Structure formats: C-alpha cells, structure tokens
Amino acid sequence: MSTARVGVVTFPGSLDDGDAARAARVAGADVVRLWHADTDLSGCDAVILPGGFSYGDYLRCGAIARFSPMMAQVVEAARDGLPVLGICNGFQILCESHLLPGALIRNDHLHFICRDQRIQIENNTTAWTKDFPVAHEIVIPVKNGEGGYVADDRTLDMLEAQGRVIARYVGGNPNGSYRDIAGITNESGTVVGLMPHPEHAIDTLTGPTADGLPFFTSVMSFLNSAGHRTDAHAGVTA
Amino acid sequence: MARILVTVMLKPEILDPQGAAVRNALGRLGLTGVNDVRQGKQFVIELDGDLDADRDALLHKLAAELLANPVIEDYRLEVDAQATA
Amino acid sequence: MARILVTVMLKPEILDPQGAAVRNALGRLGLTGVNDVRQGKQFVIELDGDLDADRDALLHKLAAELLANPVIEDYRLEVDAQATA
Amino acid sequence: MSTTTRVVDTVQRAATTPDIEQPWADLGVKADEYARIREILGRRPTSAELAMYSVMWSEHCSYKSSKVHLRQFGDKQPKTDALLVGIGENAGVVDVGDGWAVTFKVESHNHPSYIEPYQGAATGVGGIVRDILAMGARPIAVMDSLRFGAPSHPDTTRVVSGIVAGVGGYGNCLGLPNIGGEAVFDPCYQGNPLVNALCVGAMRHEDIHLAKASGVGNLVVLYGARTGGDGIGGVSVLASESFDATGPAKRPAVQVGDPFMEKLLIECTLAMFQAHLVEGIQDLGGAGLSCATSELASNGDGGMRIHLERVPLRDATLTPEEILMSESQERMMAVVRPENIEAFMDICRRWDVIATVVGEVTDGTHLQVFWHDDLIVDVPPRTVAHDGPVYNRPFSRPQWLDARQADEPTAEKLPRPKTGEELRDALLSLLGSANLSSREWITSQYDRYVLGNTVLAMPDDAGIVRIDESSQRGIAVSLDCNSRFGALDPYLGAQLALSEAYRNVAVTGATPLAITDCLNFGSPEDPAVMWQFAEAVRGLADGCLELGTPVTGGNVSLYNQTGETAIHPTPVVGVLGVIDDVRTRVSIKGGRIGDVVLLLGTTAEEIAGGEWLHVAYGHIGGMPPQVNLAAEMALASLIRAVREHLTSAHDVSDGGLAIALAELVLRNDYGLSVQLPLQTEAFIALFSESVARAVVTVTVADVDAVMAAAAAAGVECTPIGHVTSDAALDIAGCFRLEVEQMRQPWQAALPAIMA
Ligand SMILES: Nc1ncnc2c1ncn2[C@@H]1O[C@H](COP(=O)(O)OP(=O)(O)O)[C@@H](O)[C@H]1O
Ligand SMILES: [Mg+2]
C-alpha cells in the first residue's frame, strides 16, 4: 500500500502551513501542498487547514477563506468522509464553512495569547485522536487572538451528549471558550477543529513537548486501517 | 452612486467580551448607570450606479453569510438615502 | 432607559485594510461596482434613566477619546429614539 | 469638489523663475542647505526636488549629526572573514557557515509609537522586516527592545498596551516568531517611549541582493500597497503652494500598517528571488519613493527615469510632491530585466499584489521624474541619497557629570540590607519591580513558535532559531542595554550594553559574530547630548574591535527628549552568534536534583547604576561596573568548550547573582541550596552587577572537568551550592524563600501596572 497523502492548504496569510506539513511528514505522510485558488485535491487522503491569519483575518477569522475554491472542494469531500483537521485559523474556517457547529470569537481578555497549555483529550476515537490513550492529558502551545469557542446551549449540550468535545483546556482556560472547549469533531469523527497547535509540539527541541505528534500519526493509522484509504476521493476531485 | 450601511452585532445570547470591557471602562471613567454595552461592526459600502434588484438581493445574501456569521451574529442593512444619489 | 449608538470609523485619509479585504471579497463573490468599503465599529450603549446634560456631555467626551482613537478615527453619536423610553 | 488649477512646478519653470519664494524652512531645510541645493542644481529646485532633498537630508535619513562619529565603526572594524556586506546597505550580512548568510538589523520607531502606540510599533516591525527582505533573505525572527515611562504614570498603560499589542499584532500576523527583547520602565522615557525592533533573515550566500539599479533599459517596478497620504503632514506646505484658493486634503501623519499585505509581499518577493527575476531591490520606508529611487539610482551605474503618474494611489488628490514623500507602508521597488517582467508580474498576480512598471534605468546620469509629460525632477541621485550635509556638531562633556560620578552610593549614605531578613526583602522587592518581574504579560502576546525553528525564546537569555533543519545549524541573538550605566558614563555604558548582549549569546553556547545597534539619544543640538552620543559610539567601536565582532549596521534616533530633558543615553546593542548544532545549546531550563551550581567570573563591589540601587533609592550616581571584555571573551569560550557538560546556564546581570538564582528556581521549579563565598559581604555577593559572570549547573561527575577547564581559561569558578528537590532558594546563613513566595510578586508586578 502506498503512503497516505496528506494535503496542507495554503491560503494567503496562512502561517503554520510549513509546520503542519513538517508534522505530517514526521508522522510518515506523503505531504501535498494545496493552494487556495486551485480546485483539485490532488488525490489527498486527508487534509489539514493550518493556522495563521488567512486574508489577514480582517473581517472575521476564516470568513473570507471559507469562500476559496479549494474550500469548496474540501467541504464537499469532507461530507463524503475525507478526514480534515483544522488548527486554529483552520478551526475557524471549518466553523465558518459550517462543517463544524459554533464559532470562535475574540478572547475574553482581549489579548492575543501564546502559552504552553494543558489539554485533556476526551475523545480518542476520531480520525485525528485515535493514537491517544483515553482521557490523556497533554501540553501543547495555544496561540490565538480569537480562540473563544461559542455556541448556543442546545448545540453545546448536543456536542457533549455525543462525545464530540474532543479536547478541553485544563489548568486554566486561555480564551474564555465555553465549557473549556479546545476542540470538537463532526458526527462521524472525521472532521476535527482544534484551537491549540499540535504541529508546534512534535519534538522537544522546538516545542514544549512532543505531545502533538499523535494527532498526525492518528490520521495515518486511521487511513491505513482497512476501509478508510479513500482512493474514492479521486472521484470527488476529478 | 449608492451607499449602503451594514451593521453586524453579536446575537444577544452570545458573550461579548469587547462590549463588556467597554462597559467597565465607561463606568471607571465616571459614566453612571451603564446597563449594557454591545460592540458590533459597521460596513459602509459604496456602489457605482444604483442598487438594482439583483444587486440588492446579492448584497443581502452576502451581508447574511459573509459580513455576518449567522451562527452568532445578526445583521441590519440600510441604504443611506442621503448619500445615495 | 436610553439607548445610544456610537459609530466609530477610521478617518477617510487613513488606510483601512479591513475595508479593503471586504471590498475584494465582495468583488470575488460577484458583487459588481463596489467602489469602496470602510469598516468601523458600532457600540450600543444602554443607560439607566434618561440622558441628562451631564451624562450626555461625558458620553460625548468618552466617545471621542475612549471609544474612538482621535488620532485616526472619527465618531458619530446618536440617541436611538425608538428604544429610548 | 473644488476645481484646482494646479501649476506644475517643472524643471523648466524652475529655471525661468529663480526668484520664487520656496518654503524650505517649513520643510526643515536650513538656509545653507537650501543654498547648496541651488548650487548643485545650478538653479532653484522644483517643489518636487525640494521635497526630495528635504526628506533625504533630514536627520533621520541623512545621519547628518551622527555620520562623523559613526565612521569609527568602519575605521575600527575588527579583522573578520564573517562580514559579507557591511554598513551602508539596508542591513549587514554575516557568513554563518555552510554557505549560509544571515542579515540582521535593529531600527527605532520611537516618536510614532508615542503618538499612536499600536500603529507606531506595528509599522516599526513592518519597516525592519522589509529591510531584511530587501537583502534577499527570508525573515526568520523578530525581537523588540522597549522603553516606557514610570510604571505609575497615568499615560504608561496606554503606551505599553498599545506598543505591545502593535509589536505582536504585526509580527504574529507575518508569521515571524518573536524570540526576545527587553522591556524597561524609567521616568526618563515619559513622553519618549522607545520601540527598537530587530529582524533576522537567512539566505544562501548566492542570494544576497543589493539596492542598486543597473542595466540600461531595465524596468523599475513598484509593488505592494497603493500609495496614500501617510506620514506626509509636513509636505503639505508644498502642496498648498501649488494649489490656488483651496488647500489640499488633510494628510495623516500616522501610518497604518497592513501586516497581511506585508506577508504577501514577503512571499511574493521570495518567489521572485528564487526565480532570479530581480536585479536590484529596495524597500520603501522613511522618505518613501524619494529614498528608494534616489538610492537605487545612486548605487547603480546609470540614470533612472520615473513616471510618477503611474504610481497606484489610494487617494487621487495626492500631488506629485506628496507621492514622492509618502511613507505608505508595505511597498517595495525592484529593478527587473524586460525579458523577466512577465514572469515577475505573474508572481505578483498569484499573490494578489499590485505591481506597476513606473520607470526604467537610463544611460544618463540623472534621476528624472516625470508627472505626465512634465519633467519635475532632474537631479544627480548621489546628491540626494549620499551627499547630504554633514555636521560637526559641537560637543562637550557636561559639567554636571563630575558631580554625578562623584556621588558614589556608599553604604553610609545609602544604607544596604545586612540581616538575612533584609536581604530576603531586598530580593523580593527586586522580583516584584517593574524591570525585573516576569515579562510574561508582554511575551505571551507574541507568537514564539511559528515556523517551527525556535529553539530558545523568552525567558531565555538569548533567542535561538535553527536555520537549517538538515544540519541543525542555528543563530542566537540578544538585545540589551542598561541606560543608567550610560547616564553615569556613556562610553562605559555602551560597552556594558555590548558586554551584556555578548554574554547573553555566549551563555547559550553560541559564538558571538557580529553587532547591530540602535543609538537612542536626546537632541544633538545640545552639546552635552552630542558628547554622550560621541562617547557611546567611541565606546561601542572600541569594544567591538576588542571583541572581534564588527558592527554591521544599525540606526540612530535623536531628539528623544521632552523640553530640555533628554532620555538617558540608550545605545541598544544586538549581538548575533552562530551555533553549529542547536541541539547543543544551553538553556536556563535544566539541571537535575543533586547538580552542582558553579559561579563563573569574579564579583567586585559594583552597585552604581544597578537594579538594587534603582529599586531601593532611585539613585543615579557613582561609576558603573568596570568593563572587562577580555573576561567576557574568556567566559564565552569557556562555556562553548564545556557546553556538553552544562545542564543549565544563566548569565548574571541585572539584579546580580540573587536575581540569576531566583530566575533559575522560578524557571525550573526546583530548589537551590547556596553557600555564598565567605570572603565577600553577602549583600555584594548577591546584588553586585560585575560583568563577565554566569551561573551554571553541572552533574557531580562533571564538576572537576568544568573546574579544570575554567582554570585553564583563567575564569574564576566557585562551587556555590547544589540543586535540591524542595522548591526553594536557600542561601545559607541569610534566608530561605519558597518558589511560590518569589513567584507571587514576580508574576503580579506587570499585570498590576497594566490593570
Ligand atoms: N519586549 C520584549 N519582547 C520580547 N521578549 C522580551 C521582551 N522583554 C523581555 N523579553 C524576554 O524576556 C526575558 C527576560 O528579559 P530580561 O530580564 O531583560 O533578559 P536579560 O536580562 O537576559 O537580557 C528574555 O528572554 C527576553 O528576551
Ligand atoms: Mg540574560
């Protein structure tokens, strides 16, 4: 079986695209760099929407990126089961695209914050978290200005009931996220949005820990386990 | 020329940290009886020519989906009659 | 109860990167003839009781110096007559 | 709209109307300078020419007061093979081995950051990043050295919060890690905050680009943001000349940054470099098009013709004079061969960047600027860009300095803590002081992780970034200055700044290679200030010669004063080092239970200008610590040699050994059990700020090896204790402080100032 292809989308203003690509490569992926203006997923088996300030995040984070040609492809393929991980700005884009419920607003303390953050992985059955032990606590960087996750109570209750809160802040909420939510998933566990940055924690030389790597190895195990290698996606993009 | 104002505010049930910060600041600076402050955005859009039905419909759609995030925000669209020739 | 709207916009000669980003996005999404977009802020302030002269004066001062950054922004203050009882 | 019957002030008109009154004085041009312009041109300047000369001959662009002194950096330049491009270009370039070159520079944006802190600081970062980009390098990190007024002053929170948010807002949005800096509060900066921003870039040797326009027929392209009326308040006098009744529109003096545009500019420019599409390149910063065109032309081998009406505008009412002087941000100018222009434009389109061919390189010798069909500028470009006035301003040692230096902080006059309890309280008050407390309120607003190559950042002594993932080669940078030392003695003050920055780089295990500096002073028209400036430059040049580290570039910021009162001399020094394998770096973080703590270097009674004196008495008097650059070099080579044995290292500087030890405990959450050397009074051992010192931890097994190496290097090495598991700083016979007792004031201080 060939190596799984993981695409990393670059929007104008993406900043962590190189880091996300590096992390996926370290996890063993064949990394494909995707361009926001293109309309071809290049046969990718999974896609990462990286952090940054797409289009300057001027209107609302992720609001403009959502309308890019590449996102049209990603949204369609994600509805057909393509694993997608949105980190920070990528999470915002996923919410703006309505692939994930809720939205991300300005941090409650109104400052950009960059710090090493403890989070607990609460769902280790998604495509992007299956390599974590149950209820595992990790430390990875969080860095955002608009990272407060908000949704109405019904949506929040629904996410909790369905086990779709995949990660929660512990030891202090960095941005006022409702119910300390750091990351959520869609119903099928293939699309994950995460505010902290696992791609900055893949080795202890450049990150606070190497705790972020399992996000990237998870999708590799997911893709390699029978039935999930989706050569079918070629059909979607063709 | 047409001039359109689109005002976008967070829905009442959504926490507004910026508005809260402004409320506190107003209070600290001596303004009494401030009950609530909400902070939103206003876009002033200048269009060439006049606003025909097609562009009006598109503009409403874009206000609802691009300028506002319908999950957390409401929008109001007004044509600035004075500025609109 | 009084309800006051303060709208703060960048002075016309000041670069507005946010407005420019919105203008480009509107254009890309098919809205033709967009000449200019400026993005500002709107504050909705709810006060207990009615707006006496003292508070009105203070509010103007705070709008000019706190809500707006007088170096780069102008403000407009309106009392929302409908909501103001 | 008013109809304007604008008279274009052409070269021809200038030649035929020699006697028209020109507002040169309002533009800051001196009578003799105006006369010189007339002499150079053989006629009166056109209003556009006057605009160009006035900005290019300003203090900021021409260095007219500082030039005669700055020459020493060249004259006293140490012999080095590392310098690939020296002073004079946008930034110096240093060879860091393996075919890699690094360019770095620090620049001030002080005054704008007082007027509008957020935008002033933001555009300061933007400007220095473009300088680095213009050398052909990919920007890889930024740093910021900040000075604010008194913590208790009512204006301080406005200035601090705006500046910090601006540095972060711009740098974060560009995706450049912030790897360090300084943040100092002192009443002398009230009304004169300092924002010194540094950027580092890396490139392969063959990618070095210079700002020159050569090759007749090559095209001059302006790309990036549209030009608006930013930062041209002053030139409006010219515009009003040219209009009849109605004055020009109001022009903003404040520049607003668009970091998103700058990010596009970076990616687009790097793509052009990679495709070899650029012959010469220049960023647009201060003095905008006037500077870019005259410098490119002057460094080239021919002339240049510019068609000014082609410049894309944000504001259609701008006059040609204003377009020439506009300081709109996020613009670059490139010289491109005609056969490459299509490829160049394709890259711009891919990144949504507006690019316009505005002129070409000619076989003439003049820079000519046309406005539609009229020739409005026709000048020898060197006379604008390089042959500005040079002043030999009078300087003299201020009379008050003798009294200040004689005012030694003796124990009789200013009693010192003696008992264990007093010493403990002194340490706690330093930890909770504005300048020594945790910088986290600031640094947590900066992204230090982006790009994935940050090996050390705040709160480490120097920032380290990896430049090559395959070889693990990296660079280390630190920015430092204690301006109170400069207030006591500017010559020594500059050398002490150099000494500290050098040490901060050295304690990480890196080899210091080169210097950049930002010289922040008061008004050069005051002979006392001019003397301080001259002394600081002399000190820095002498120091760099001794250390073997050349000054590669920097920036001068004068007129930092309110009324008659100048800021303390603040020569901020940036030291760049190289480390061949970043995995071997040493950090403050580290050390295991049982490790031995060694104090490297020699402690003397040196209190004047130091943090204890500042916090306890706010006293400025006496002589600063003695400079000993030979000892700094010995310390640096010792640490480099034994770095594999060190489990952690931290320099001893502001606040002395007490603060260095406290910072180790706070960072590592372990304990230190310390016995101070008996021969020194405890207060001196703890709070003196003698140079060339560091504390390191080593495993018991390695102690002998490190001691032997220290002896061989001539560095005093004193075992002063060991690492314990009980999370407290225990100074035998003095005091014991739990980590949490120290953390509380240390963490609370900045948030309290900002509340
Ligand atoms: N304005 C700033 N920007 C970025 N980093 C800063 C800033 N101020 C301080 N720091 C960082 O905080 C840490 C502590 O600062 P400081 O005590 O001044 O260091 P040092 O004494 O080693 O020069 C250092 O890592 C420094 O780089
Ligand atoms: Mg240090």
Side-chain angles (χ1 to χ4, degrees), chain B residues 1-10 12 16 18-52 54-68 73-76 78 80 83-84, chain C residues 1-10 12 16 18-52 54-68 73-76 78 80 83-84:
Chain B
M1 206 204 71
R3 188 180 156 104
I4 291 98
L5 303 183
V6 178
T7 313
V8 173
M9 300 295 292
L10 282 169
D16 176 5
Q18 310 192 83
V22 171
R23 193 190 57 199
N24 294 338
L26 290 175
R28 260 198 316 276
L29 294 170
L31 192 68
T32 52
V34 185
N35 221 331
D36 190 29
V37 179
R38 306 285 292 174
Q39 178 173 339
K41 298 175 192 152
Q42 185 167 83
F43 303 89
V44 181
I45 302 171
E46 273 184 28
L47 294 182
D48 285 337
D50 45 57
L51 192 62
D52 52 31
D54 278 2
R55 286 209 296 177
D56 186 60
L58 182 56
L59 203 53
H60 266 93
K61 187 172 138 65
L62 292 173
E65 291 173 13
L66 172 71
L67 301 184
E73 294 169 326
D74 296 321
Y75 79 97
R76 204 175 62 236
E78 308 155 77
D80 180 346
T84 300
Chain C
M1 207 205 72
R3 190 181 154 103
I4 291 101
L5 303 183
V6 178
T7 313
V8 172
M9 300 294 293
L10 283 169
D16 177 7
Q18 312 196 69
V22 173
R23 191 188 59 198
N24 293 339
L26 291 174
R28 267 198 307 277
L29 293 171
L31 191 68
T32 54
V34 185
N35 221 331
D36 191 27
V37 178
R38 306 285 290 177
Q39 177 173 339
K41 296 175 197 152
Q42 187 168 84
F43 301 88
V44 182
I45 303 172
E46 272 184 29
L47 295 182
D48 284 337
D50 46 58
L51 193 61
D52 52 33
D54 278 2
R55 286 206 298 177
D56 186 60
L58 182 57
L59 202 54
H60 265 94
K61 187 174 136 67
L62 293 173
E65 291 172 14
L66 172 74
L67 302 184
E73 293 170 327
D74 295 322
Y75 79 97
R76 204 177 62 237
E78 308 153 77
D80 181 346
T84 301

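These figures come from a predicted structure and were not determined experimentally. Every chain is numbered from 1 and lettered A, B, ... according to where its sequence line falls, protein lines coming before strand lines.
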**OP:** Heavy-atom distances under 4.5 Å only: say whether C/L66 touches chain B with side chain, backbone, both or neither.
**Re:**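 Only the side chain of C/L66 comes within 4.5 Å of chain B.
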What residues, two or more places apart in sequence or in another chain, satisfy side-chain hydrogen bond (donor to acceptor under 3.5 Å, both in side chains) together with [X]?
{"X": "B/Q18", "answer": "A/R106"}
{"X": "B/D56", "answer": "none"}
{"X": "C/E46", "answer": "none"}

Subject >> Separation between CG of B/D36 and CZ of C/R3, rounded to the nearest 0.5 Å >> reply: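 That separation rounds to 9.5 Å.
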Subject >> From CD (B/Q42) to NZ (C/K41), nearest 0.5 Å >> reply: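 Going from CD on B/Q42 over to NZ on C/K41, the span is 13.0 Å.
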**OP:** Let me know which of B/T32, B/N35, B/V34 forms a side chain to side chain contact (heavy atoms under 4.5 Å, CB included) with C/D48.
**Re:** B/N35
Original post:
Which residues from residues 20-27 of chain B are near chain C, with near meaning under 4.5 Å between non-hydrogen atoms?
Top reply: B/V22, B/A25, B/L26
Original post:
Is there a side-chain contact (heavy atoms from CB on, under 4.5 Å) between B/L47 and C/L31 once you walk through the steps?
Top reply: CA-CA 9 Å; B/L47 294 182; C/L31 191 68; 4.1 Å; yes
Original post:
Is it the side chain or the backbone of B/L29 that comes within 4.5 Å of chain C heavy atoms, both, or neither?
Top reply: both
Subject >> Region of B/I45 that comes under 4.5 Å of a non-hydrogen atom in chain C >> reply: both
Original post:
Can you tell which of C/G40, C/G30, C/G19 has the highest number of heavy-atom pairs within less than 4.5 Å of chain B?
Top reply: C/G40
